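Note that the structure is a prediction, hence the values are computed from the model and not measured.
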Amino acid sequence: MTTILKIFPLLGGLATLFIFYPALAAEAKPKIDTGDTAWLLTSTAIVLLMTIPGVALFYAGMARKKNVLSVLIQSFTITCLISIIWMVVGYSLAFSKSENSYIGNFDLAFLNHLTTGAVNGTIPDSLFVVFQMTFAIITAALITGALAERMKFSALLWFVGLWSIIVYSPVTFWVWGGGFLSGAGVLDFAGGTVVHINSGIAALVACIMLGKRKGYGVENLAPHNLVLTVIGGSLLWVGWFGFNAGSALGANGSAAMAMTVTQIAAAAGGLAWMLIEWSIQKKPTALGIVSGAVAGLVAITPAAGFVGPKGALAIGILAGLICFWGATVLKHKLKYDDSFDVFAIHGLGGITGAVLTGVFAVEAIGGTAGALEGNISQISTQLYGIAATIIWSGIATAIIIFAIDKTIGIRVDKDSEIEGLDLNQHGEMIHGQ
Amino acid sequence: MTTILKIFPLLGGLATLFIFYPALAAEAKPKIDTGDTAWLLTSTAIVLLMTIPGVALFYAGMARKKNVLSVLIQSFTITCLISIIWMVVGYSLAFSKSENSYIGNFDLAFLNHLTTGAVNGTIPDSLFVVFQMTFAIITAALITGALAERMKFSALLWFVGLWSIIVYSPVTFWVWGGGFLSGAGVLDFAGGTVVHINSGIAALVACIMLGKRKGYGVENLAPHNLVLTVIGGSLLWVGWFGFNAGSALGANGSAAMAMTVTQIAAAAGGLAWMLIEWSIQKKPTALGIVSGAVAGLVAITPAAGFVGPKGALAIGILAGLICFWGATVLKHKLKYDDSFDVFAIHGLGGITGAVLTGVFAVEAIGGTAGALEGNISQISTQLYGIAATIIWSGIATAIIIFAIDKTIGIRVDKDSEIEGLDLNQHGEMIHGQ
Amino acid sequence: MTTILKIFPLLGGLATLFIFYPALAAEAKPKIDTGDTAWLLTSTAIVLLMTIPGVALFYAGMARKKNVLSVLIQSFTITCLISIIWMVVGYSLAFSKSENSYIGNFDLAFLNHLTTGAVNGTIPDSLFVVFQMTFAIITAALITGALAERMKFSALLWFVGLWSIIVYSPVTFWVWGGGFLSGAGVLDFAGGTVVHINSGIAALVACIMLGKRKGYGVENLAPHNLVLTVIGGSLLWVGWFGFNAGSALGANGSAAMAMTVTQIAAAAGGLAWMLIEWSIQKKPTALGIVSGAVAGLVAITPAAGFVGPKGALAIGILAGLICFWGATVLKHKLKYDDSFDVFAIHGLGGITGAVLTGVFAVEAIGGTAGALEGNISQISTQLYGIAATIIWSGIATAIIIFAIDKTIGIRVDKDSEIEGLDLNQHGEMIHGQ
Amino acid sequence: MKLITAIIKPSKLQDVRSVLVEIGIEGMTTSEVSGFGRQKGHTEIYRGAEYEISFVPKIKIEVAVTNDQVDSTIEAITSSTRTGNIGDGKIFVLDLDQTIRIRTGETGNEAI
Amino acid sequence: MKLITAIIKPSKLQDVRSVLVEIGIEGMTTSEVSGFGRQKGHTEIYRGAEYEISFVPKIKIEVAVTNDQVDSTIEAITSSTRTGNIGDGKIFVLDLDQTIRIRTGETGNEAI
Amino acid sequence: MKLITAIIKPSKLQDVRSVLVEIGIEGMTTSEVSGFGRQKGHTEIYRGAEYEISFVPKIKIEVAVTNDQVDSTIEAITSSTRTGNIGDGKIFVLDLDQTIRIRTGETGNEAI
Ligand SMILES: Nc1ncnc2c1ncn2[C@@H]1O[C@H](COP(=O)(O)OP(=O)(O)O)[C@@H](O)[C@H]1O
Ligand SMILES: Nc1ncnc2c1ncn2[C@@H]1O[C@H](COP(=O)(O)OP(=O)(O)O)[C@@H](O)[C@H]1O
Ligand SMILES: Nc1ncnc2c1ncn2[C@@H]1O[C@H](COP(=O)(O)OP(=O)(O)O)[C@@H](O)[C@H]1O
């Protein structure tokens, strides 16, 4: 062993002082479990995969050819931007121990507290930070789907940056950081509320304020290349295993069950959307089944650690049907232009999942009973969490968008929109030569 | 629970008792190993990646542009469909303890037995279920490559659904569920027989019954975008680590050796195909080397836990050569139209691997000696497994296809084929605008 | 065994005795840790993902349409070729215990020493072999970006094959195999020197000797499809977690911290490149931010196990700026045609990272202090490692390229270059029909 | 009979088609072309290398018409595509010797 | 000399080429175009939004011929593409002032 | 007025454009076409199946010119694209009845 220690000095003489994550201070000698750590390292990698290239491609395929790079670069830049924001201040606001129950403080800003030896539960503390970072990233990236093909790139960056600090970090604190929603008993295993309802509402408010794309409802805005969307949707599905099963924060029975129900709900959502589309619109589309699978994944997110296979089946089917209705009926009735249906899928899907978690939760699986096991009040607890998130996300998004519009403007001008954002905002194009 | 039983009648009528996986019944307090669990969680994710978007893209790139979405949606829909079938009945038929040695019973239907705490070996029981689910998915998806560009979407779904229940589950039972082939000592580490021979034969029979594509041998049916095929082939390779090394059901020396030989056989297969193509047809093609690598991966699948690096090298080379011959000589001689050479690569590659497992197995590695170590009879044992699979898969496939053809018809009409399946079956297209 | 030796003469002539990895011989019963093993199995898979399809796509998107398959097939073929070379001789030259401190011997050729039970640290020995194999693969694949769109395929294969044996294996031995650079205390956690400087210098020398692409600086050589580049860059990022955090050789605090700083440096590099490009060239491009992220990833590679979050932030920003300067200023000044800026990103980025590792290393994190903690001499140690690598890689690359040019020729002729390498070298094309 | 060819901005295609249909034109053929004219192309910069893209994407419309439809067709195209900005495009009129409808074999004005 | 332009169904291209080669035509130029005529386009529905695609993919063939090849060329194209269904396409014949073969500088019938 | 159409090798486009601009041509329209002629196509082999690709990628350039520009235009195109090899391409000259600049409504030589 001595030889290898020389080769890899880092393995030798590990810093002797362990700084325990405050929450764990009471515990006797928390120790890293290598298996749990291995799974969380993996989960972090595949949750990142969900955003780049997952979300990026899922959306890019639905854009017109002249905007495809602009869509891709949005997810990619957000990945960079939110990583730095999370390091500087986001993590601290979401997970530091503060006196109040609404938002953390600045104690952990710049990740000053991180050491190689610090432990959080059974995994290294820095791993928890970077795992959560990938959640902050994807939440912001999801919103862009509603704003595509017309928003100024600079305005978008200001928006998601501010939104992440003002909306995402607090809501995370409420649910997972020890804030008032976790106190109230709201169940949200992997982010149905924090990630999906939150981004879905922001998407809805922002796209209404931004206005419709030029030619919406008149010109042909059909998806230019659904191959990209299918790739993106597939990577979302695969990465979602990290999202949901990773949220067990260990490689255990809970993670395994979370993965199982995730798979079932995604499959059920895809089939449900396909079948209803087939019967109503006469053809089963690629965009449809992929959308349905994502709807199922969204809805199982809050439920993953709490329900069993049959609950997952029900949640997936209902999510597929409700989100189908949102994208094909509700949106056209309310006449807003949510480019790629972020609200219909993440907003409605997230709400569906959050409510149904309260219905299908099984005590033997996640420790909390749902309405079917007699605990009817869990549904109102869930509704409480949903309402709080909708209100805060909705209002704060409106204020941020308003402020940006009054300063640098949120939308590209008409000619730029016709020219396409790839060329106009980024000076690049897809070439056929 | 009664409510949901009413909503989904199909969920009803099954005993609620928990059945622990019998094989473990004798063990004293089986315990989850977090490392093994972490690796299996990961393996499940990357085996799913093999199908979506792996197989989907591998095939889509070989299609003509007017059929690319139809190919993608097939793999994606199969992922959804087989997940639900596996949950409802497939897993039970494949892995429950039945009285006979040909097929399981319905004891585990709807995964009623799953609890968060149930253990299978050193991993959670639900993890074993979902890991195996991804195998059922990919096996069905592989078949579609032979039927592409002309099969009705509805017929395809009926076919793979029935096939999975009637063929896949029983064969899995025979080999891995305690059936007669495992009793006979057939070696199949990760599915050379169960997955590849099985799907390869089904593909052959089904594509012959379906008939050739319009214009086959006359018109230009060249692959429209091999970029997709290279991406798909690459993801297959990466995911195959989960397939083969995951089949060790733990993070141990066997898994590591399986990964090593997988890498070597894939590389050898790719080079062998490339070199023979280069010398015979004067140019090394992207499609060729990717096909060869997949051939090597197929052939090492049954052998992965049983052979060493040199055996893997030999298996990879032979698979590359034999599958090359199958795709470029045999197919044209026998004049069937296997669109993307599923039989040549998975059928022949699987047979090659199954036989060579009997040749190159090393006792020190997998516990069983092969012919090179004197155990000549292992070859006939392997042939027995191959024959049983070919017969059952061949006959049952023929019956299912025949029945579907007589009822809803298996093939789109001539004009639809000319128009393209994307538009005709799914109402969608790739647009260039 | 005799049979196979006759069939594959290349397998012959090597001692059949098993040689246990010497470093471990002395240890008392080394034991596999399943968690560490799980993480290394995963890391191996995602480092392979970096090359296929990561590097393949990252480069292919920057090529013109007529060369896209040729670029993809290069990375794919290299994956096959280097796997076999590594098995036959590369691993042995890099990691066997030799008497000298410059290169290993042939003791481990053909991986004769591997058994299922052999352990290396806390992981199976075969896993270490295949993990390192993926590093050998990507290093060779990276070089191709400088030579794209004009090099003969056969010449390329000869070049990377010889280069891997003559340059990659020795340099690896110097740094990680117990050679003189590790003796000198050079810090290189995951391959800043071994992988990036090494390939970056080889790329520079080889592309200068190869000459510019026809039409360089005159015709439109713009990237044809940056969608592929964004996908490739994203997969590089995700896979880099395996590269850097996997280099901790376990699932521990060091791996977690390595992942955290990798994420931060990538993000910082992307933003830095984007912002400077935005201010100088007026538009932020997709190619720019992806390039910057890769620059950040390259630079953090040697530092990953040694620096903290703030050091990573600084390294990422500096790498983004320096590599931007390399690709947009230096290259045009020196008038060489490095097709996809391998030198600017991997060469300069690697040097930046290697030097800054000496600046920002934190004793509490990796066991070695950097200049900021008073250990100024670490910088000169780092420079020593950089210089040794540059000299050896530069000279040997020049000799190999020269020899190949004198024998089979390195470059396609002018008409073939105009026709495109896809058709000319591989007989394939992307079709739009 | 005349063959009228118009080079227009891609975003105007739907408008032109509607107007032509209104005045009784029943067939036309379009294709994607690249135009060079007073309207400048654009510059793309990739990693510091500038590429001058001198051609602008345009749509070419070809309509075969009878002699008495010529003026109304030109008028229809002009009115539906004119913005007054550089790059609006051009119309070229060629004399058409003969037209044949493949399906029926009809020729001349019948075939249009 | 005449320039014969035919708008045909994409699936007929190989047939037309063969027939033209048979009657001695040695050169032609084809391009992908979108046609609007009696043959209707199709509708695509994405997440409930309907898009009317009014243009149908067609191939345009251009063949320059000498005056005495005109009839046989038209006959060849017609015979190889007629199915009797709507959408079979059209043939347009234009008068060709001059032809030049760039390689040799030959002009007129020589150059065809 | 004449409409000059040239079918050239794709790699010659930039050269042609430069030369035309030099002699005072201010507008042109190009498109991607596939040519069939003496220059043979190529064969692709995928998994043993041979596909004969008989068409070669070409660029079509269309330039409307006044009568006195015809000769210089033909000369300019010829000189900038001739390599002497098969496949250099062809030039076709058609009589142009009328030209209209959409933006201004100008017609005839003014509009070119
Ligand atoms: N002489 C010409 N021959 C062929 N096409 C032309 C000619 N002049 C212009 N065009 C076409 O018309 C388009 C519009 O011309 P442009 O000069 O940009 O605008 P405008 O007609 O408004 O001055 C060009 O992009 C080109 O495709
Ligand atoms: N007046 C026209 N001018 C130019 N192209 C035409 C005209 N009429 C028809 N076409 C072309 O011919 C194609 C076939 O015409 P269509 O009316 O669909 O069939 P048919 O000729 O059999 O009645 C159209 O798609 C269009 O490309
Ligand atoms: N008769 C023709 N009608 C239309 N296009 C033609 C004709 N002959 C040749 N072409 C076009 O000119 C191109 C060059 O012709 P080709 O015979 O290959 O070379 P060359 O003119 O040097 O003999 C062809 O690819 C085709 O696009």
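Using a 4.5 Å cut-off between heavy atoms, B:Gln425 touches chain A through its backbone atoms (N, CA, C, O) alone. With a 4.5 angstrom heavy-atom cutoff, B:Ile137 touches chain A only via side-chain atoms. Residue B:Ser154 touches chain A through both its backbone and its side chain, counting heavy-atom pairs closer than 4.5 Å. Only the side chain of B:Leu228 comes within contact range of chain A, with heavy atoms under 4.5 Å apart. Both the backbone and the side chain of A:Ala268 come within contact range of chain B, with heavy atoms under 4.5 Å apart. In this structure, chain A has a heavy atom under 4.5 Å from the side chain of B:Val68, while its backbone stays farther away. Contact annotation for B:Ala60: neither backbone nor side-chain heavy atoms come within less than 4.5 Å of a heavy atom of chain A.
In this structure, A:Met274 and B:Leu157 have side chains that are in contact, with non-hydrogen atoms separated by less than 4.5 Å. Between B:Leu49 and A:Leu235 the shortest side-chain heavy-atom distance falls below 4.5 Å. Contact of the A:Trp237 side chain with the B:Cys80 side chain is registered, since non-hydrogen atoms from C-beta on lie closer than 4.5 Å. The side-chain heavy atoms of B:Leu48 and A:Gln263, taken from C-beta on, include a pair separated by under 4.5 Å. Within the 4.5 Å cutoff, no side-chain heavy atoms of B:Thr37 are placed close to those of A:Asn252. Considering only heavy atoms from C-beta on, A:Asn225 stays 4.5 Å or farther from B:His431 through its side chain. Proximity of B:Leu69 to A:Thr285: side-chain heavy atoms (C-beta onward) are nowhere separated by under 4.5 Å. Taking 4.5 Å as the limit, every side-chain heavy atom of A:Phe241 sits out of range of all side-chain heavy atoms of B:Thr42.
Residue with the most contacts toward chain B among A:Leu287, A:Leu226, A:Leu40: A:Leu226 (heavy-atom pairs, distance under 4.5 Å). In terms of heavy-atom pairs under 4.5 angstrom with chain B, the leader among A:Ala38, A:Gly270, A:Ala371, A:Pro309 is A:Pro309. Between chain B and the residues A:Ser234, A:Gly35, A:Gly253, the most heavy-atom pairs under 4.5 angstrom are made by A:Ser234. Among B:Asp422, B:Val129, B:Ile46, B:Leu57, the residue making the largest number of heavy-atom pairs under 4.5 Å with chain A is B:Leu57. Most heavy-atom pairs under 4.5 Å with chain B, from the set A:Ala267, A:Gly308, A:Gly250, A:Gly305: that is A:Ala267. Listed options B:Ala56, B:Ser83, B:Ala251, B:Gly54 were ranked by heavy-atom pairs under 4.5 angstrom with chain A; first place goes to B:Ser83. Most heavy-atom pairs under 4.5 Å with chain A, from the set B:Leu72, B:Ile32, B:Leu127: that is B:Leu72.
A donor-acceptor contact shorter than 3.5 Å links the side chain of A:Lys283 to the backbone of B:Asn424.
Between B:Phe153 and A:Trp278, the two ring planes are tilted [angle within 30° to 60°].
Among all heavy-atom pairs drawn from A:Thr260 and B:Ser126, the shortest one is OG1-O, 3.2 Å. When all heavy atoms of A:Ile264 and B:Leu111 are compared, the closest pair comes out as CD1-CD1, 4.2 Å.
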Evaluate side-chain hydrogen bond (donor to acceptor under 3.5 Å, both in side chains) for A:Asp33 paired with B:Thr34, printing each intermediate quantity in order.
-> CA-CA 8 Å; A:Asp33 178 287; B:Thr34 58; 2.6 Å; yes

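A donor-acceptor contact under 3.5 angstrom links the side chains of B:Asn112 and A:Lys310, judged on distance only.
Rounded to the nearest 0.5 Å, atoms CD (A:Glu277) and NE2 (B:His426) are 10.5 Å apart.
Checked against B:Ile73 for a side-chain contact (heavy atoms from CB on, under 4.5 Å), the options A:Val230, A:Val290, A:Ile289 give a single hit: A:Ile289.
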